[in-house]
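Down below is the structure, laid out as structure tokens.
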Amino acid sequence: MKLKQLFFISMVAVLAFSSCSNKKKQEIDLVLRPASMVYTAQDSADIWNLCQQFADFFGKNDFESCSMMLNTFRNDSIFPYTDKQRKEYIQKVQMFSNYGCRIDAFVLHSDRNNEISLKVKLFNIGTLDDDKGITHLFLNPVKVEDTWYLTLRDQRADGVKKVY
């Protein structure tokens, strides 16, 4: 039992990436756990760029562009959101005020089961850094035929497993 615990602990690594934004230090947690696939540097860059672009659009209240980036993953195939899905998504997210968005955590498990947490500021108090008036939005990048696509994190989606 202790050997299993030691092995698990040794397999978990938490790294923090820092960058400067508005002269404030932004930290992003990157959690690495044993994954069912090998990620290349290109995979990581593709995922990061997709999620960063989505967060930028979301932070600017450009929900139309966000909806254009979203897909549904079903039966090992990817499907862009339909006009109806896009309209419903936009209606839901427009119900809340949005004062900023950024990537908060980046957890990769497999080509179908990932968790990118976006921190969204809902109230014009505090900052994204002090966690006042914020919520989280979760994305699940999936890889289909060597291309990464964004889906919303949904426990019922194909390939998504509850990891924790």
Side-chain angles (χ1 to χ4, degrees), residues 13-33 35 37 39-73 78-83 85-144 146-157 159-160 163-164:
V14 178
L15 304 173
F17 285 102
S18 298
S19 66
C20 294
S21 174
N22 297 332
K23 296 184 181 181
K24 291 198 178 204
K25 192 174 181 180
Q26 173 186 339
E27 291 187 7
I28 297 169
D29 292 331
L30 172 63
V31 180
L32 302 174
R33 290 188 170 79
M37 69 172 282
Y39 291 91
T40 66
Q42 188 62 52
D43 286 322
S44 299
D46 290 348
I47 294 168
W48 180 264
N49 291 334
L50 269 175
C51 295
Q52 186 60 56
Q53 184 179 17
F54 186 91
D56 289 344
F57 286 142
F58 201 93
K60 294 175 185 169
N61 293 301
D62 185 355
F63 304 124
E64 178 72 27
S65 294
C66 288
S67 71
M68 297 289 287
M69 294 182 72
L70 292 173
N71 302 275
T72 302
F73 179 71
I78 198 77
F79 302 95
Y81 265 23
T82 63
D83 289 342
Q85 288 173 307
R86 289 178 47 240
K87 183 179 178 182
E88 288 173 358
Y89 172 79
I90 292 168
Q91 286 175 341
K92 288 176 186 174
V93 294
Q94 282 181 336
M95 291 180 5
F96 302 98
S97 299
N98 173 16
Y99 295 96
C101 180
R102 75 167 185 226
I103 296 174
D104 186 45
F106 199 86
V107 183
L108 304 176
H109 301 289
S110 73
D111 59 345
R112 306 286 191 260
N113 184 30
N114 299 296
E115 189 173 330
I116 310 304
S117 172
L118 302 181
K119 188 184 285 191
V120 180
K121 185 176 169 192
L122 295 177
F123 300 100
N124 197 13
I125 58 170
T127 66
L128 285 169
D129 294 325
D130 60 17
D131 288 343
K132 290 183 182 174
I134 62 108
T135 190
H136 286 88
L137 172 68
F138 294 93
L139 301 173
N140 178 33
V142 297
K143 190 173 188 177
V144 178
D146 294 326
T147 302
W148 287 96
Y149 298 90
L150 280 186
T151 68
L152 293 177
R153 178 94 175 150
D154 181 354
Q155 292 294 334
R156 297 164 294 174
V160 173
V163 177
Y164 307 107

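Just so it is clear, the model here is predicted, and its values are computed rather than measured.
A pairwise comparison of heavy atoms in S67 and I90 identifies OG-CD1, 3.7 Å as the closest pair. Minimum heavy-atom separation, S44 to Y39: OG-CB, 4.5 Å. The shortest non-hydrogen separation linking L128 to C101 is CD1-N, 4.0 Å. Closest non-hydrogen pair, H136 versus D104, comes out as NE2-OD2, 3.1 Å.
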Determine, step by step, whether Q52 and D56 satisfy the side chain to side chain donor-acceptor pair (under 3.5 Å) criterion, reporting the C-alpha distance in whole Å, the side-chain angles of both residues, the deciding distance to 0.1 Å, and the verdict. CA-CA 6 Å; Q52 186 60 56; D56 289 344; 2.9 Å; yes
Between N98 and F63, does the side chain to side chain contact (heavy atoms under 4.5 Å, CB included) criterion hold? Intermediate values first, please. CA-CA 11 Å; N98 173 16; F63 304 124; 3.9 Å; yes
Could you walk me through whether D46 and T147 pass side chain to side chain contact (heavy atoms under 4.5 Å, CB included), step by step? CA-CA 8 Å; D46 290 348; T147 302; over 6 Å; no
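In terms of modelled atom types and a separation under 3.5 Å, the side chain of N140 and the main chain of N114 share a donor-acceptor contact. Although no hydrogens or angles enter the test, the distance criterion places a donor-acceptor pair under 3.5 Å between the side chain of D43 and the main chain of T40. Remark: the backbone N or O of T151 is not paired with any side-chain donor or acceptor of N71 at under 3.5 angstrom.
A salt bridge is absent between D130 and K121; no separation between the charged side-chain nitrogens and carboxylate oxygens falls under 4.0 Å.
Among residues two or more places apart in sequence or in another chain, the salt bridge (Lys or Arg N to Asp or Glu O under 4.0 Å) test is passed with D83 by R86. Remark: D131 engages K119 in a salt bridge (Lys or Arg N to Asp or Glu O under 4.0 Å) (not counting sequence neighbours).
One distance of note links OH of Y149 with CZ of F73; it measures 11.0 Å at 0.5 Å rounding. Considering CG of L150 and CG of L139, their distance stands at 5.5 Å, rounded to 0.5 Å. Taking CG of N124 as the start and OG of S97 as the end, the distance is 9.0 Å to the nearest 0.5 Å. Rounding to the nearest 0.5 Å places OG of S117 at 12.0 Å from CZ of F106. With rounding to the nearest 0.5 Å, the separation of CG in L152 from OG1 in T72 is 8.5 Å.
Using a 4.5 Å heavy-atom cutoff, the side chains of Y99 and I125 are not in contact. Side-chain contact between F58 and V93 is present, with at least one heavy-atom pair separated by less than 4.5 Å.
Other residues, nucleotides and ligands contribute only 12 or fewer heavy atoms inside 6.0 Å of the CZ atom of F123.
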